[in-house]
Structure formats: structure tokens, C-alpha cells
Visitor: 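One structure, as C-alpha cells, below. Some questions next.
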Amino acid sequence: MPELAEVERMRREWDPGLGGRVREVFLHAEKRIFRGIEPGDLAAALTGRSLRSSEAHGKQMMFRFSGPRSSSSCYLGVHLGMTGALRVEAKNYAPERHDHLVLRQSTRSLVLSDPRLFGRVTFGDGTPPEFWRLRPPAVTDPEFTMPRVEEFLGRHRGAPIKALLLDQSMFPGIGNWMADEILWRAEIHPRRAGGELEEAEVRRVWKETRFVAREALRRIAERGVDPPKSWLFPHRWEDGGRCPRTGAGLVRETIGGRTTCWSPGRQPELGPTSVRRRVLAPPRR
DNA sequence: GGAGATGTTTCAAG
DNA sequence: GCTTGAAACATCTC
């Protein structure tokens with residue numbers, strides 16, 4: 001499910017619980033989503049505290065709980081992995097197999113489920129976990145600048161641009177479909193190497209990253225609708241899917257370890273300079 | 001039955 | 001030490 005806009009939407013699922021005290025915590029302590037933390041400590045810290053606020057950043061969410069025993073807050077971090085979901089159920093809801101964390105309030109239960117268990121729960125008492133304090137600028141933030149992207153692509157000059165867009169330390173919240181959408185809009189082949197892109201191309205990647213993130217937030221998080229037919233998104237998994245701009249058949253192949261979809265012709269395998277060189281000095285044979 | 005799925009982490013090789 | 005790519009993680013669906 002979750003890339004930045006879906007995560008932002010999911011974060012709001014627990015909004016009905018804002019201000020409500022957690023009376024009881026139920027969890028599947030042995031499950032993989034609790035790796036690296038003590039589930040018992042988490043349950044003890046949350047019990048009696050109230051949900052105060054929440055925030056999403058990239059694919060991460062942070063829920064803050066406080067009082068009444070102490071003035072200090074405690075923090076519940078949630079990463080949804082591939083199949084995680086948040087929802088609200090009745091106060092006496094009986095957790096099912098994949099419901100690994102349930103916070104019971106007086107009139108409802110806040111539920112985290114994750115069948116595939118690629119998600120992760122983190123926890124901080126007093127201060128948020130370190131990864132949250134060290135989080136990189138959001139792609140919608142003014143600090144997400146063109147020079148930062150240029151420097152990053154230069155540092156990973158050998159890796160395909162598709163793989164680089166999935167790197168959460170530079171592009172927090174960008175996932176598989178958004179990366180393909182960005183490259184399709186920027187007219188760049190997903191296998192082009194980071195260091196091979198010309199300045200104008202890097203600029204397009206930077207610009208379209210911000211555009212796709214902002215539009216996805218507006219449509220998916222705010223209004224709950226999928227991207228329109230004019231985007232690559234609704235065509236990328238279709239059998240015989242066609243490029244909404246050129247009408248050409250879309251191509252799918254694994255790049256950077258993930259199934260990647262692009263529009264041949266619109267996203268040429270050779271960059272502008274290579275093409276120009278070829279025209280000026282065609283290889284002899 | 002098999003392949004593959006909006007994701008990260010880990011490990012080994014270059 | 002850094003970069004890169006492949007495998008592993010666990011379950012469900014087409």
C-alpha cells in the first residue's frame with residue numbers, strides 16, 4: 001500500500017482517537033514488526049496515556065502520547081512496510097490474526113494490522129526515536145533543493161536512477177509507483193545512471209519529484225482518489241497498458257530490484273549527449 | 001501451483 | 001571504506 005500520500009492518509013485513520021486515553025494495550029509480542037524493541041515496555045508506556053498528535057514523514061508515522069501520570073510524552077513510530085494498515089474498530093473488537101497492535105480507548109480500538117510483517121513499530125519514551133530526529137528534508141520542503149539532488153546523484157553515479165529514487169535518505173516517501181511516475185514525466189529512462197544525467201535532466205527529476213509528491217498528497221491524502229488516467233499510474237499494471245502521452249505499449253522490467261514500468265520512445269535509453277555524439281560521429285565498423 | 005506484490009535490511013562482491 | 005545488487009523477510013492474490 002504505502003508511499004508518502006497513502007501513509008499520510010493512513011495516519012489520519014487514527015484521528016478519531018485524538019484526546020482519548022489508552023486503557024489497555026493488546027499486542028502480538030512475538031511478531032516481526034516489534035523487532036528491536038521491547039513490546040512490554042511499549043505497552044506499559046502507552047497504557048494510561050492519551051493520544052495527543054500524529055505526524056507523517058515520508059513512509060514513517062509518529063504518534064505522540066502524553067500524561068496524566070507524568071508530563072513527558074512517549075512516541076509510537078509506525079512504518080507500514082508493504083501491507084500495513086491502520087483503522088478504527090469498536091471498543092470491544094476482538095483482534096484477528098494480522099492485528100498486531102490494538103490500543104483500546106473507552107469508545108473505540110485503534111488497530112494496526114500487517115499480514116506480511118514488513119512493517120515496523122518503534123518507540124521512544126521522553127524523546128522520539130533517533131531516526132525521527134535525524135529525518136531528511138521532505139521532498140515537498142524548501143530544503144529539498146536541486147543542488148542536494150545533484151550531489152546525491154553524483155555520489156551514486158553508477159546506480160540506475162530508478163534505484164536512486166527509491167533511496168529514502170534522499171527521497172523520503174518515494175516508492176515504486178511514484179519513482180516510475182517521476183521518470184515518466186521527466187522523460188528519463190529508469191536504467192540511466194545517476195552520474196550520466198545532464199543538468200537539465202537532473203532538474204527535471206527534481207521538479208517532477210516535487211510535483212508528483214504534492215499532487216499525490218492532494219489527490220490521495222486529501223480527497224481519497226487515485227491519480228487520473230492522464231498519469232502513468234492507472235496504466236502501469238494493466239495488461240497491454242499504453243502510455244497516456246504517446247499511445248505506445250508500456251514496458252515492464254526489473255530495475256533496482258523492483259518491477260519498473262516505462263514508456264519506450266518517450267524515455268530513451270540513451271541520454272541527449274550520447275545521441276548527439278552518435279549523430280556527429282557515428283561508430284565505424 | 002507459481003509468480004509477484006505501493007518495502008527495508010543484510011550480506012557479499014567489486 | 002564505499003557502492004551496488006541480490007537475497008531474505010511472510011502472506012496473500014491472481
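Please read all numbers here as calculations on a predicted model, not as lab measurements. Numbers restart at 1 for each chain; the letters A, B, ... are given by sequence-line order, proteins then strands.
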Visitor: How long is the line joining NZ of A/Lys31 and P of C/dC9, in whole Å?
Guide: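 For the pair A/Lys31 NZ and C/dC9 P, the rounded distance is 15 Å.
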Visitor: Just to be sure I understand the rule, does A/Pro227 reach a base, reach only the sugar-phosphate, or reach nothing, if contact means heavy atoms closer than 4.0 Å?
Guide: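 If one applies the 4.0 Å heavy-atom cut-off, A/Pro227 turns out to touch nothing in the nucleic acid.
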Visitor: Heavy atoms under 4.0 Å, any strand shown: does A/Gly158 hit a base, just sugar-phosphate, or nothing?
Guide: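 It contacts sugar-phosphate atoms only.
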Visitor: If we ignore angles and hydrogens, is there a donor and acceptor under 3.5 Å between the side chains of A/Arg214 and A/Thr140?
Guide: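 Checked: A/Arg214/A/Thr140 side chains show no N/O donor-acceptor pair below 3.5 Å.
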Visitor: Can A/Arg266 be said to sit on top of A/Trp184's aromatic six-ring, NZ or CZ under 6.0 Å from centre and within 45° of the ring axis?
Guide: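 Geometry flag: set, cation within 6.0 Å and 45°.
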Visitor: Using whole Å, report how far CZ of A/Arg35 lies from P of B/dT10.
Guide: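 After rounding, the gap between these two atoms is 9 Å.
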Visitor: What's the CG-C1' distance between A/Asp114 and B/dG7, to the nearest Å?
Guide: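 Between C1' of B/dG7 and CG of A/Asp114: 10 Å.
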Visitor: Give a yes/no answer on whether the side chain of A/His156 brings an N or O atom under 4.0 Å of OP1 or OP2 in C/dT4.
Guide: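 True: A/His156 side-chain N/O within range (under 4.0 Å) of C/dT4 OP1/OP2.
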Visitor: Select one nucleotide: of C/dT11, B/dT8, B/dT9, the one nearest the side-chain heavy atoms of A/Arg120.
Guide: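 So the side chain of A/Arg120 is nearest to B/dT9.
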Visitor: Can you tell me the distance, in whole Å, between the CG atom of A/Asp99 and the P atom of C/dT11?
Guide: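 Rounded to the whole Å, the gap is 14 Å.
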Visitor: Quiz question: going by heavy-atom distance under 3.5 Å, is there a donor-acceptor pair between the base of B/dA5 and the side chain of A/Arg116?
Guide: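 Result: at least one qualifying N/O pair found.
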Visitor: Which of these nucleotides, B/dG7, C/dT11, B/dT8, is closest to any side-chain atom of A/Gln168?
Guide: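 Nearest listed nucleotide: B/dT8.
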Visitor: What distance separates A/Ile161 CD1 from A/Glu196 CD, expressed to the nearest 0.5 Å?
Guide: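 Taking CD1 in A/Ile161 and CD in A/Glu196, the distance rounds to 10.0 Å.
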Visitor: Round to a whole Å and report the spacing from CG of A/Leu166 to P of C/dT3.
Guide: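 Rounded to the whole Å, the gap is 17 Å.
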Visitor: Please find out if less than 6.0 Å separates the ring center of A/Phe63 from that of A/Trp14.
Guide: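 Yes, the ring of A/Phe63 comes within the 6.0 Å limit of the ring of A/Trp14, centre to centre.
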Visitor: Quickly work out the A/Arg258 CZ to C/dC9 C1' distance and round it to whole Å.
Guide: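 To the nearest whole Å, that distance equals 14 Å.
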Visitor: Can you identify which nucleotide, out of C/dT4, B/dT8, C/dC12, has its nearest atom closest to the A/His79 side chain?
Guide: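 The answer is B/dT8.
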Visitor: So, is A/Thr259 close to the B/dA5 phosphate, meaning a side-chain N or O under 4.0 Å from OP1 or OP2?
Guide: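 For A/Thr259, the contact criterion (side-chain N or O under 4.0 Å from OP1 or OP2 of B/dA5) is met.
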Visitor: Considering only the P atoms, how many Å lie between C/dA10 and B/dC11, rounded to the nearest integer?
Guide: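 Roughly 15 Å separates the two P atoms.
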Visitor: With a non-hydrogen cut-off below 4.0 angstrom, is A/Arg32 in contact with a base, only sugar-phosphate, or nothing?
Guide: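 Since a base atom lies under 4.0 Å of A/Arg32, the category is base.
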Visitor: Mark this stacking check for A/Phe118 against B/dT8 as yes or no, applying ring centres under 5.5 Å and ring planes under 30°.
Guide: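 No; by the centre-distance and plane-angle rule, A/Phe118 does not count as stacking on B/dT8.
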Visitor: Mind running salt bridge (charged side-chain N to carboxylate O under 4.0 Å, His left out) on A/Asp99 and A/Arg87 for me, showing each step along the way?
Guide: CA-CA 10 Å; A/Asp99 301 329; A/Arg87 64 182 198 282; 3.3 Å; yes
Visitor: Please state how far atom CG in A/Asp167 lies from atom P in C/dG5, giving the value in whole angstrom units.
Guide: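 Rounding to the nearest Å, CG of A/Asp167 and P of C/dG5 are 13 Å apart.
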Visitor: Let's test this: given Watson-Crick or G-U wobble pairing with both distances under 3.5 Å, identify the partner of C/dA10.
Guide: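 Check on C/dA10: unpaired, no WC or wobble geometry under 3.5 Å.
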Visitor: Whole-Å distance between B/dA5 P and A/Glu3 CD?
Guide: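 Rounding to the nearest Å, CD of A/Glu3 and P of B/dA5 are 13 Å apart.
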